[in-house]
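Have a look at the structure below, then the notes.
Each residue takes its place number in the sequence, starting with 1.
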Amino acid sequence: MKKLIISMLLITAVTHYADINQIKKRYENLHGLPRIEAIISISNELSEKSDEYFLLNEELLSLSESEKYSKGKGIALSNIGYYRYYQKEYEQALQNFLAAETLLSSSGSTRELIILYNRLGYYFQDIHEIDSSLKYIYKATDLSNDSRDTVGLALSYNNAGLAYWSDSIFDSALVNFETALYYRKMLNDKGQIARTLNNLGVVYYNIGHLEVALEYYYEALPLQIELKNFFGASLIQCNIAIIQRDRNELERAKAGFDQGLDLAFKSGDNDAIGYAFNGLASIFKAQNDFDKALEYYHKAHDYYKKTNNASMLMLNLISIGELYQIEMNYAQSEKYFRQAEEYLTIRHEKIREAQIKLRLGEIRKEQKRYSEAINFFNQSIEICLAISKKDYLKENYLNLSDIYEKLNDMGSALEFHKRYKEVSDQISNDETNNRIVELEHIFNTALNRKKLEEKELELSRQRLYAYILLLLLVPVLIISVSLLAINRNKKRANIILQEKNDQIETQKKRLEDQAEKLKQSNEELHELNVLKDTFFSVIAHDLRSPFNGFLGSLSLLNEGYDELTNEEKKNAISLIQTSAKSIYKLLDNLLVWSNLQRGVIKNNPRVVSLNEVLKENIDVIKDIAGRKGINVYTDCPPDILINVDKDMLGIIMRNLLSNAVKFTHKNGRVDVIAGRLPDDYLEIAVKDEGIGIPEEILDKLFDLTEKISTRGTENEPSTGLGLSLCKEFADRIGGEITVVSKEGKGSTFKIKIPAGDINNSLE
């Protein structure tokens with residue numbers, strides 16, 4: 001809930017107040033078109049929410065009609081519609097907008113049409129018709145592109161980001177916000193730059209990248225303070241405090257919300273004040289001071305009520321209801337949930353509806369009114385599935401599992417617990433994918449830091465050269481003065497000269513040492529750059545192929561679904577599944593590789609049965625092998641024990657077995673042979689009858705910096721990381737990996753591993 005509160009304040013307007021009579025004095029001596037153009041100019045200075053704005057545009061409409069000026073009529077109707085949009089008079093607003101579109105299109109008013117289409121985007125976003133919202137925003141983008149209107153492009157891309165954000169399509173929101181930021185920085189519009197930076201921070205916060213979100217917030221905050229935009233500064237300050245609160249830095253977060261409240265009062269904006277009070281209430285709730293939390297939630301409610309902000313009022317009422325729910329005051333809790341539910345008729349937000357149904361179900365569950373509870377949970381589940389709200393979906397499944405267990409319906413209880421576990425795993429996978437994006441950000445940050453260090457080293461070297469030069473000049477000067485001043489004491493002069501020469505030699509040695517360290521640092525930086533370039537080249541290359549298959553099949557289904565036969569549809573879906581599995585395997589290997597580089601994975605040997613390890617990993621690939629009709633045979637004595645890190649050996653075996661199946665023809669066979677060697681070593685061989693490996697690339701198989709791309713017998717893509725991981729893990733467990741292969745005859749990969757101390761108890 002706290003994440004969506006932020007989004008409600010993304011679109012803001014600064015209110016200007018003016019006396020309508022003072023405004024009229026600015027154009028009272030003008031007539032005809034000059035008077036109309038003056039009114040249009042003055043109208044642009046006013047807040048769209050103000051009554052003065054409405055009255056001025058009513059006059060503009062009347063004058064334009066008398067002058068038969070289509071452009072003026074179109075602008076007036078667009079502005080009147082925008083005023084009515086803010087007044088929640090949606091039906092009249094839409095009529096005004098559509099009438100304005102006809103007039104502005106016929107008069108060729110490109111800039112005014114761009115503004116109108118963006119307003120229609122706001123309108124449809126506000127009533128949660130996102131497809132219609134994006135349709136008009138894209139119209140604005142096309143017009144801006146055709147007319148090379150940078151201001152229009154910046155506005156349209158920012159609004160597209162807001163539309164995708166409101167529909168929880170975060171990747172598209174990020175792309176559009178980044179594009180808007182590019183154009184706004186080109187225009188050097190600090191106010192709009194700050195807004196888009198805040199929007200980017202909000203999206204990154206919602207996908208769990210808190211550090212990235214903070215970077216955007218900290219870049220935006222000084223811009224708003226410089227512009228004395230206290231509303232924008234208050235919003236960003238509260239957003240920073242939210243992250244501090246989520247990290248359980250409650251005192252820092254409270255201070256941040258207090259600062260946000262001061263800024264909100266300076267802005268005079270009731271929504272901003274309510275937002276800060278709501279944040280402070282959440283701090284008191286986290287500190288279990290429920291009385292104080294309730295007091296501040298009610299303060300926030302009073303300020304939201306002044307603006308009749310349906311979204312914020314609904315969220316605020318839900319927060320109060322959840323507070324009473326924690327205190328087990330279910331009557332009060334339901335009262336506030338029902339009040340929040342009433343606002344759904346004004347602003348139908350599916351995520352809020354799902355949340356309210358979930359909480360009402362929890363109340364009925366606690367009251368042991370299980371039938372009603374089940375009904376609420378099922379309604380919430382239906383909405384959650386439609387909007388892919390996994391955290392609420394997980395709560396619903398767990399509650400239903402608990403209810404059916406209490407009703408002794410163990411079959412249903414087990415079924416819902418399985419669904420709960422599946423959604424939990426999906427959330428965990430989403431978090432893993434987010435970590436990969438975070439990894440790239442951290443990698444780039446580290447690389448930039450390395451470049452800064454290199455520059456600092458260069459400056460240090462230059463200072464050192466200057467210092468040496470100075471040291472060279474000083475002894476020469478001293479010697480000269482000494483020779484002139486103390487002509488009779490040559491011995492003392494020689495001693496001074498020798499001392500200074502010794503100093504020069506010492507400094508020279510230090511300089512040489514510094515130069516050597518700088519050289520080593522440059523070499524390390526070069527190696528890091530090579531590894532980075534190769535690493536991302538491998539990722540980009542290996543992701544392209546499965547994504548092409550993935551997108552191609554989706555395009556085929558999307559564009560020709562009704563014309564395709566069932567068999568063709570099944571083939572397309574099968575290709576999508578294969579591509580998705582390839583992408584998942586690459587990401588899995590990538591995560592393992594990154595953990596290796598960061599030292600997260602440690603060697604943890606323990607005594608295990610080699611036969612059991614082989615069987616477990618063969619079972620993993622049996623399904624893939626079965627689809628190609630490939631039999632996997634094992635020859636391993638059942639009594640062999642080995643003291644090894646089971647997980648590392650498992651990763652090696654899964655990658656080798658997967659490759660063997662990939663490069664073996666249909667109805668072929670793969671053999672896994674294990675046995676003892678002299679000197680307490682074991683050997684495991686994975687032999688296939690596949691396509692073999694060309695001799696010229698055998699020596700490059702295990703090197704990540706060598707780009708090798710070979711497809712399997714069924715055109716399966718290669719992840720590029722698997723064999724590099726095998727080599728690195730083999731080294732970690734004290735073994736070695738070798739390969740023997742002949743093109744067209746198959747390949748045999750052998751792992752030689754020390755058996756280790758097997759006197760410990762078997763796992």
Side-chain angles (χ1 to χ4, degrees), residues 1-4 167-171 203-210 213 243 245-248 286 318 322 325-326 350-366 370 373-439 576-577 580-592 594-595 600-601 616 619-620 623 647 650-651 654:
M1 179 180 71
K2 58 180 178 290
K3 296 179 181 178
L4 284 179
D167 210 27
S168 300
I169 306 174
F170 297 128
D171 51 354
V203 178
Y204 275 111
Y205 170 79
N206 275 266
I207 61 178
H209 296 182
L210 304 189
I243 293 179
R245 179 197 63 195
D246 290 352
R247 289 175 167 175
N248 206 31
I318 291 172
E322 289 179 335
Q325 188 178 2
I326 293 171
K350 292 180 180 179
I351 194 168
R352 296 300 112 226
E353 185 179 3
Q355 185 181 10
I356 293 169
K357 299 296 185 186
L358 169 61
R359 300 303 177 223
L360 289 172
E362 289 173 341
I363 291 173
R364 292 292 182 267
K365 175 185 165 187
E366 292 300 322
Y370 295 136
I374 290 171
N375 185 43
F376 279 125
F377 289 137
N378 283 329
Q379 291 178 46
S380 180
I381 287 170
E382 184 178 355
I383 301 168
C384 289
L385 288 171
I387 62 174
S388 190
K389 185 62 176 165
K390 294 178 183 176
D391 50 351
Y392 290 165
L393 191 61
K394 182 175 75 168
E395 288 185 58
N396 277 299
Y397 285 149
L398 187 60
N399 275 302
L400 283 171
S401 176
D402 189 35
I403 287 177
Y404 281 115
E405 184 178 355
K406 287 180 169 59
L407 295 172
N408 290 321
D409 185 349
M410 303 312 292
S412 297
L414 180 60
E415 174 61 28
F416 281 107
H417 194 272
K418 285 181 180 178
R419 294 185 192 179
Y420 160 76
K421 186 66 171 60
E422 287 172 1
V423 175
S424 298
D425 290 343
Q426 290 172 13
I427 292 172
S428 178
N429 288 336
D430 290 343
E431 291 171 352
T432 299
N433 293 334
N434 286 341
R435 286 184 60 197
I436 292 172
V437 177
E438 199 74 58
L439 174 66
I576 290 171
Q577 183 184 33
K581 288 181 178 178
S582 296
I583 295 168
Y584 180 83
K585 183 175 180 183
L586 174 60
L587 294 179
D588 188 42
N589 279 339
L590 175 59
L591 183 60
V592 172
S594 69
N595 285 336
V600 173
I601 298 178
E616 287 175 8
D619 287 342
V620 172
D623 181 54
D647 294 333
I651 290 172
R654 285 195 296 278

Rounded to the nearest 0.5 Å, how far does CG of Asn399 lie from CD of Glu366? 8.5 Å
Assess whether atom CD of Glu616 is packed by more than 12 heavy atoms of other residues, nucleotides or ligands within 6.0 Å. yes
Can you find a pair of side-chain heavy atoms, one from Asn378 and one from Leu400, that are under 4.5 Å apart? yes
Ignoring hydrogens and angles, write down the donor-acceptor pairs under 3.5 Å from the side chains of residues 416-423, residues two or more places apart or on other chains.
from, atom 1, to, atom 2, distance (Å)
Arg419, NE, Glu415, OE2, 3.2
Lys421, NZ, Asp425, OD1, 3.0
Lys421, NZ, Asp425, OD2, 3.3

Closest heavy-atom pair, Ala413 versus Ser401, reported as atoms and distance to 0.1 Å, is O-OG, 2.9 Å
Reported CG-to-CD1 distance for the pair Leu398 and Ile403, which is rounded to 0.5 angstrom: 10.5 Å
Roughly how far apart are Ile356 CD1 and Glu322 CD, rounded to 0.5 Å? 10.0 Å
Do the side chains of Tyr392 and Ile383 get nearer than 4.5 Å, heavy atoms only? no
Salt bridge (charged side-chain N to carboxylate O under 4.0 Å, His left out) involving Glu395 - partner list, sequence neighbours excluded: Arg359
Check Lys357 against Phe376 and note the closest heavy-atom contact, atom names and distance. O-CB, 3.4 Å
Here the gap from Ser424 atom OG to Asp391 atom CG, rounded to the nearest 0.5 Å, amounts to 11.0 Å
Please assess Ile381 against Tyr397 for the test side chain to side chain contact (heavy atoms under 4.5 Å, CB included), listing each intermediate value before the final yes or no. CA-CA 8 Å; Ile381 287 170; Tyr397 285 149; 3.7 Å; yes
Quick check for you: to the nearest 0.5 Å, what is the distance between Ile243 atom CD1 and Leu210 atom CG? 5.5 Å
Partners of Asp619 by salt bridge (charged side-chain N to carboxylate O under 4.0 Å, His left out), sequence neighbours excluded? Lys615, Lys622
Measure across Tyr370 and Lys365 and return the closest heavy-atom pair with its distance rounded to 0.1 Å. CE2-O, 3.7 Å
To the closest 0.5 Å, what do you measure between CD (Glu405) and OG (Ser412)? 12.0 Å
Smallest heavy-atom separation, Cys384 atom then Ala354 atom, equals SG-CB, 3.9 Å
